[in-house]
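Keep in mind that the numbers below use all heavy atoms, side chains included, and drop hydrogens, waters and symmetry copies. If you're wondering where the values come from, they're calculated on a predicted model, not measured in any experiment.
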Amino acid sequence: MSALEKVCTCFEKNNIPYALVGGYAVALHGVPRGTFDMDFIIRFRENDFIALEAAMISIGFKSRLPVSAKEVFQFRQEYIDNRNLIAWTFINQTNAMELVDIVLTDNLEDVSTVNKIIGTTKIQVLSKADLINMKKRAGRPQDLIDVNFLERK
């Protein structure tokens, strides 16, 4: 089972609503894209943040920053505005190449998702239209390249 499958299975098992975004989502929408970090969005609900933190710990991931889920939830906008922290990062303690970023700028409740299958694992992926919009807002060079390819697909 890949790291992506392991994380998504964990989210499903723990009833954590999520959507895969970023490079993996681009690839699952049919545009080849190299990436090693897994990017997700979740609902902006305190219980979801707390459940996500516990779920990540249960599969060997630890927050990169010494902050709790409650703090991330309560101070999310301050972290974005004053500390340029747009993602809450978790690192696999046995394989530092496995990174999970929980994007703090986008709420799952404001977007639509589609189901994709990897192996036997169902993965909730941000819809193509919402992924394009998210990447346009981010505006980084790689995001704009992704938009160009996604719009042609």
For Asn148, is there any backbone N or O sitting under 3.5 Å from a side-chain donor or acceptor partner on Lys153? no
So Ile41 and Met134, do their side chains get closer than 4.5 Å, heavy atoms only? yes
Say you draw a straight line from CD1 of Ile59 to CG of Asn92; how long is it, rounded to the nearest 0.5 Å? 8.0 Å
To the nearest 0.5 Å, tell me how far Lys62 NZ sits from Ile91 CD1. 9.5 Å
Smallest separation among heavy atoms of Glu53 and Ser68, with atom names: OE2-CA, 3.7 Å
If the threshold is 4.0 Å, N to carboxylate O, is there a salt bridge linking Glu151 and Lys136? yes
Would you call Glu109 and Arg45 a salt bridge, taking side-chain N to carboxylate O under 4.0 Å as the test? yes
Gln142: which residues meet the side chain to side chain contact (heavy atoms under 4.5 Å, CB included) condition with it, sequence neighbours left out? Arg33, Ile145, Asp146
Could you tell me which residues satisfy ring-ring contact (aromatic ring centres under 6.0 Å, His included) with Phe73, sequence neighbours excluded, listed by chain and number? Phe49
Among residues at least two apart in sequence or on other chains, which ones pass side chain to side chain contact (heavy atoms under 4.5 Å, CB included) with Gln77? Ile80, Asp81
Arg152 to Phe149, cation-pi by 6.0 Å centre distance and 45° axis angle: yes
Of Asp106, Asp143, Asp39, which is the lone residue that meets salt bridge (Lys or Arg N to Asp or Glu O under 4.0 Å) with Lys135? Asp143
Hey, are Thr9 and Glu12 close enough side-chain-wise for a donor-acceptor pair under 3.5 Å? no
Please check if the side chain of Tyr18 supplies one atom and the backbone of Gln124 the other of a donor-acceptor pair under 3.5 Å. yes
Atom CD in Glu71, atom OG in Ser63: separation rounded to 0.5 Å? 9.5 Å
